[in-house]
Trainee: 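Structure below; questions to follow.
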Protein chains: 2
Amino acid sequence: MDKDKIDKKDHILDVAERVFSDLGFDGASTRMISGEAGVNMAMLNYYFGSKEGLFLAVFERKISSFQTLLQNIGNDESISSWDKLEKCIDNYVDRMIVNNCFQKLINREMSMGKRWDLTDKITEILMINVMELKKIFEEGIKNGSFRKDIDPELMIATIFGTKNYIINAPHIASLMLGHDIRDEKFLEEKFKPRFKTYMKQLLKSYLMNDNDYNK
Amino acid sequence: MDKDKIDKKDHILDVAERVFSDLGFDGASTRMISGEAGVNMAMLNYYFGSKEGLFLAVFERKISSFQTLLQNIGNDESISSWDKLEKCIDNYVDRMIVNNCFQKLINREMSMGKRWDLTDKITEILMINVMELKKIFEEGIKNGSFRKDIDPELMIATIFGTKNYIINAPHIASLMLGHDIRDEKFLEEKFKPRFKTYMKQLLKSYLMNDNDYNK
DNA sequence: CCAAACCAATCAATCGTTTGATTAGTTTTG
DNA sequence: CAAAACTAATCAAACGATTGATTGGTTTGG
């Protein structure tokens, strides 16, 4: 059946995504992936052409979910610049499932000097999110919501960097916070709300000099 | 001569550090490293025992320079909490030489599943810096310099995360900033001062609700 | 029956590592 | 002092293991 084939390919991609993000592209072997997925090794090449093709397929499956991330918040005229920013933060934090190893995958491969044809594509996608935020900042400056002398580019680095730090260094983050960050319950009930609150307060105080942190 | 031997080992370590951080541990081959270093392949095992031993040696050479990073700023009673924090920021930013690939190395291997007994050692070292900052924050809260309701742990994530983001994603950062972040001149003359200013303003507004950003 | 799906066996290439020989410099010995 | 013994450094070559990829044939489903 066609359904089964898709399910099987999807299962392989699931396993590949996990193994790649645990061991990196070079560290993961096709035998390991096929073994854990319970399929013959030749199937990987049969379905995806090559190891690189498999890696690429892992990405392309996720790309769509990434692109929906930027749901044109910036173009909504009805809400203020700050509310847009708050919406973005909520969005990013909600999607910040540490177990989702895809983020680690991206960050690791982006930090490599090694050049994929993929690197440009990843860069391009990430830049869309960057530009989305930048637009909000610039709009906020223009309409007087935000201070004039802020540094939008570095703010973006702060937003993404803080999130990545938690994801990429879970050992450190767990030690810092006193709880295992990979614990789903803790993450969902305790950490995410705390992280949202913090991020909003941090940005608000920098952007607006507003002392009223209505909690 | 003994001096020559040390120089040679150091040269191998220099090359290994660069290659490892460009290609990752798995991506880098001993042949490549020995080739670029201009030494026979067997010398790597002769000097360092194994590829893993070489990787370990790269780390241990840097560890000392890392440990001097925390020069007991926190224990200086004569300066205010905020000044301590400013000093820390200056310190970190000054050492943030993007060309120094060691940071990338650490971040990449830390994001991997625990492959090394070394992971614990790296964690330990990084935690010292974390604790140093934490101490400053807590002291500042206690003596009234900082607001009571700040989130010290996530602030630390912001400080390190923002820095790491620039280092780990130089492509993105360069596109964002409109200049190649790896350009030494731009980095030193333009970026570092800008980054320091931004970081201090960001922290100050969050920590102290101080609107006087005396620029 | 035929094409698609699947698999065991195998490919050449590359991996990290080891080997045995050679060199050069130092120490020991007669 | 000079010959002999020893040591560390270096090298080309080869090792077994593993890599990603491919083959040729078998099974399966429509």
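Model, not experiment: these values are computed from the prediction. The sequence lines fix the lettering, A, B, ..., with proteins before strands; numbering per chain opens at 1.
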Trainee: According to a strict under-4.0 Å criterion, is Lys8(B) in side-chain N/O contact with OP1 or OP2 of dT10(D)?
Mentor: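 For Lys8(B), the contact criterion (side-chain N or O under 4.0 Å from OP1 or OP2 of dT10(D)) is met.
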Trainee: Where do Lys196(A) and Glu86(A) land on the salt bridge (Lys or Arg N to Asp or Glu O under 4.0 Å) test, with the steps shown first?
Mentor: CA-CA 9 Å; Lys196(A) 285 181 185 175; Glu86(A) 272 198 324; over 6 Å; no
Trainee: Go through the structure and list residues passing side chain to side chain donor-acceptor pair (under 3.5 Å) with Glu189(B), not counting sequence neighbours.
Mentor: Lys185(B)
Trainee: Grab the CE-P distance between Met32(A) and dT19(D) for me, whole Å please.
Mentor: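 Met32(A) atom CE is separated from dT19(D) atom P by 7 Å.
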Trainee: Report the C-alpha distance between Asp22(A) and Arg108(A) in whole Å, list the side-chain angles of each, state the deciding distance to 0.1 Å, and finish with yes or no for salt bridge (Lys or Arg N to Asp or Glu O under 4.0 Å).
Mentor: CA-CA 10 Å; Asp22(A) 277 345; Arg108(A) 175 161 41 242; over 6 Å; no
Trainee: Under the rule for side chain to side chain donor-acceptor pair (under 3.5 Å), what residues qualify as partners of Lys190(A), not counting sequence neighbours?
Mentor: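 With sequence neighbours excluded, Lys190(A) shows a side chain to side chain donor-acceptor pair (under 3.5 Å) to no residue whatsoever.
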Trainee: Between Tyr46(A) and dA5(C), is there a contact of a side-chain N or O with OP1 or OP2 at under 4.0 Å?
Mentor: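 For dA5(C), OP1 or OP2 has a side-chain N or O of Tyr46(A) closer than 4.0 Å.
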Trainee: Tell me: CZ of Phe48(B) to C1' of dT18(C), nearest whole Å?
Mentor: 18 Å
Trainee: Whole Å only: how far is the CZ atom of Phe55(B) from the P atom of dC15(C)?
Mentor: 17 Å
Trainee: dG16(C) phosphate, OP1 or OP2: any side-chain N/O from Ser50(B) under 4.0 angstrom?
Mentor: no
Trainee: Taking only side-chain nitrogens and oxygens of Tyr47(B), does any of them come within less than 4.0 Å of OP1 or OP2 of dT10(D)?
Mentor: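 Result: yes.
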Trainee: Return the orientation label for the Tyr206(B) and Tyr198(A) ring planes: parallel under 30°, perpendicular over 60°, tilted otherwise.
Mentor: perpendicular
Trainee: Would you mind checking if Lys84(A) and Glu139(A) are paired as a salt bridge, meaning a charged N to carboxylate O distance below 4.0 Å?
Mentor: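 Yes, Glu139(A) and Lys84(A) are salt-bridged.
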Trainee: Nearest whole Å is fine: how far is dT17(C) P from Lys51(B) NZ?
Mentor: 8 Å
Trainee: Which nucleotide, dA8(C), dA12(D), dA4(C), lies nearest any side-chain atom of Ala42(A)?
Mentor: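 Nearest nucleotide to the side chain: dA8(C).
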Trainee: Between dT17(C), dA8(C), dA9(D), which nucleotide has the shortest distance from any of its atoms to the side chain of Thr30(B)?
Mentor: dT17(C)
Trainee: Using a cut-off of under 3.5 Å, enumerate the N/O to N/O pairs linking the protein to nucleotides 14-18 of chain D.
Mentor:
none

Trainee: Does a side-chain N or O of Asn45(B) approach OP1 or OP2 of dT17(C) to a distance below 4.0 Å, or not?
Mentor: yes
Trainee: Can a donor-acceptor pair be found between the side chains of Thr158(A) and Thr158(B) at a distance below 3.5 Å?
Mentor: no
Trainee: Nearest whole angstrom, please: distance from the C1' of dT10(D) to the NZ of Lys9(B).
Mentor: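 Taking NZ of Lys9(B) and C1' of dT10(D), I get 15 Å after rounding.
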Trainee: Respond yes when some side-chain nitrogen or oxygen of Asn40(A) is under 4.0 Å from OP1 or OP2 of dA8(C), and no when none is.
Mentor: yes
Trainee: Nearest whole angstrom, please: distance from the P of dG16(C) to the CD1 of Ile33(B).
Mentor: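 One finds 8 Å between P of dG16(C) and CD1 of Ile33(B), rounded.
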Trainee: Roughly how many Å is it from CE in Met43(A) to C1' in dA21(D), rounded to a whole number?
Mentor: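 From Met43(A) CE to dA21(D) C1': 13 Å.
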Trainee: Tell me the interatomic distance from Glu52(B), atom CD, to dG16(C), atom P, rounded to whole angstroms.
Mentor: 12 Å
